[in-house]
Amino acid sequence: MMQLLEAVSRWAIPFLLCLFLVLGWVRRVPVYEAFIKGAAEGFQTAVRIIPYLVAMFVAIKVFRESGAMDLFARIGAPFLGLLGIPPDILTLALMRPLSGSSALGIATEIIRTYGPDSFAGRLASVMQGTTDTTFFVLTVYFGSVGVRRYRHAVALGLLADLTGLIASLFICHLLFNP
């Protein structure tokens with residue numbers, strides 16, 4: 001079964017590219033010109049969202065370098081200890097809505113410290129899969145189309161992240177905590 005999945009995943013993208021070329025040829029679409037036009041629009045979108053990305057990265061750097069994230073982790077550590085949750089998880093929970101790469105680095109460090117089969121490692125892995133980079137998504141997608149009023153989207157995104165965090169804790173305690 002795994003060999004079949006590996007073969008399908010290896011050939012899926014070349015197959016899709018060939019399929020698009022054939023469909024374009026059948027429909028008499030100038031495929032190369034359409035690709036160049038789409039690439040130009042993608043480049044313009046990338047340039048348009050750069051200021052939003054710079055603002056978000058500066059805010060994340062200030063949050064981390066000011067010690068605010070460490071302060072939150074220290075304040076929450078005793079409460080998490082009562083629940084049997086490793087304190088490093090709070091750092092991951094705080095960083096995940098802000099930056100996917102930073103959260104991945106924190107999850108990697110948790111897994112390296114506690115081990116991949118530990119409760120903390122499994123919880124970090126499940127949290128990576130059940131939460132999203134809310135502020136990054138809002139910055140990129142809303143910034144690319146020019147949406148300026150998105151306070152309800154922020155609230156709902158953070159609520160979804162909190163729900164994912166609680167679900168991760170519940171499932172990991174149910175399945176992996178001895």
Side-chain angles (χ1 to χ4, degrees), residues 1-2 5-6 8-9 12 45-46 48-178:
M1 186 64 177
M2 286 304 292
L5 289 175
E6 287 178 13
V8 168
S9 66
T45 300
R48 197 172 44 240
I49 66 171
I50 284 175
Y52 299 101
L53 287 173
V54 168
M56 187 188 70
F57 289 139
V58 167
I60 291 169
K61 190 73 173 174
V62 168
F63 181 64
R64 292 189 80 173
E65 295 300 321
S66 69
M69 191 171 81
D70 293 334
L71 179 67
F72 280 117
R74 276 190 302 233
I75 290 172
F79 176 71
L80 294 177
L82 291 174
L83 297 174
I85 300 168
D88 295 340
I89 294 297
L90 183 60
T91 307
L92 177 62
L94 289 173
M95 187 50 67
R96 181 69 177 150
L98 298 172
S99 170
S101 58
S102 295
L104 184 59
I106 292 169
T108 302
E109 187 61 34
I110 290 171
I111 291 170
R112 187 176 296 138
T113 302
Y114 295 99
D117 292 331
S118 67
F119 178 75
R122 288 175 172 161
L123 180 58
S125 299
V126 172
M127 282 178 59
Q128 282 289 105
T130 57
T131 57
D132 203 352
T133 55
T134 300
F135 288 103
F136 182 80
V137 168
L138 292 176
T139 299
V140 171
Y141 295 123
F142 284 22
S144 68
V145 295
V147 174
R148 297 194 186 279
R149 293 185 286 170
Y150 48 84
R151 65 183 170 114
H152 297 299
V154 170
L156 289 176
L158 292 175
L159 181 63
D161 286 335
L162 180 64
T163 304
L165 173 66
I166 292 169
S168 300
L169 289 169
F170 177 74
I171 290 169
C172 285
H173 270 291
L174 187 68
L175 296 177
F176 304 123
N177 203 10

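A pairwise comparison of heavy atoms in Leu138 and Ala153 identifies CD2-CB, 3.9 Å as the closest pair. When all heavy atoms are compared, the tightest approach of Val126 to Cys172 is CG2-SG, 3.7 Å. Residues Ile111 and Ser125 come closest through the heavy atom pair CD1-OG, 3.7 Å. Residue Thr130 comes nearest to Ser168 through the heavy atom pair OG1-OG, 2.6 Å, listed as atom of the first residue, atom of the second, then distance.
We find the CZ-OG1 distance between Arg96 and Thr134 to be 8.5 Å, quoted to the nearest 0.5 Å. Separation of atoms CG (Leu94) and CZ (Arg64) is listed at 10.5 Å; rounding is to 0.5 Å. Atom-to-atom distance recorded for Leu169:CG and Phe119:CZ is 6.5 Å, nearest 0.5 angstrom. To the nearest 0.5 Å, atom CE of residue Met127 and atom CD1 of residue Ile89 are 5.5 Å apart. Remark: Asp88 CG to Thr113 OG1 distance equals 6.5 Å, nearest 0.5 Å. Here CD of Gln128 is found 9.0 Å from CD1 of Ile106. Values are rounded to the nearest 0.5 Å.
The closest side-chain heavy-atom distance from Leu158 to Phe135 is below 4.5 Å. Within the 4.5 Å cutoff, no side-chain heavy atoms of Leu123 are placed close to those of His173. Counting only heavy atoms from C-beta outward, the side chains of Phe72 and Thr91 never approach each other to under 4.5 Å.
The backbone N or O of Phe176 sits nowhere less than 3.5 Å from a side-chain atom of Arg122 that would complete a donor-acceptor pair. A side-chain donor-acceptor contact under 3.5 Å links Asp161 to the backbone of Asp132.
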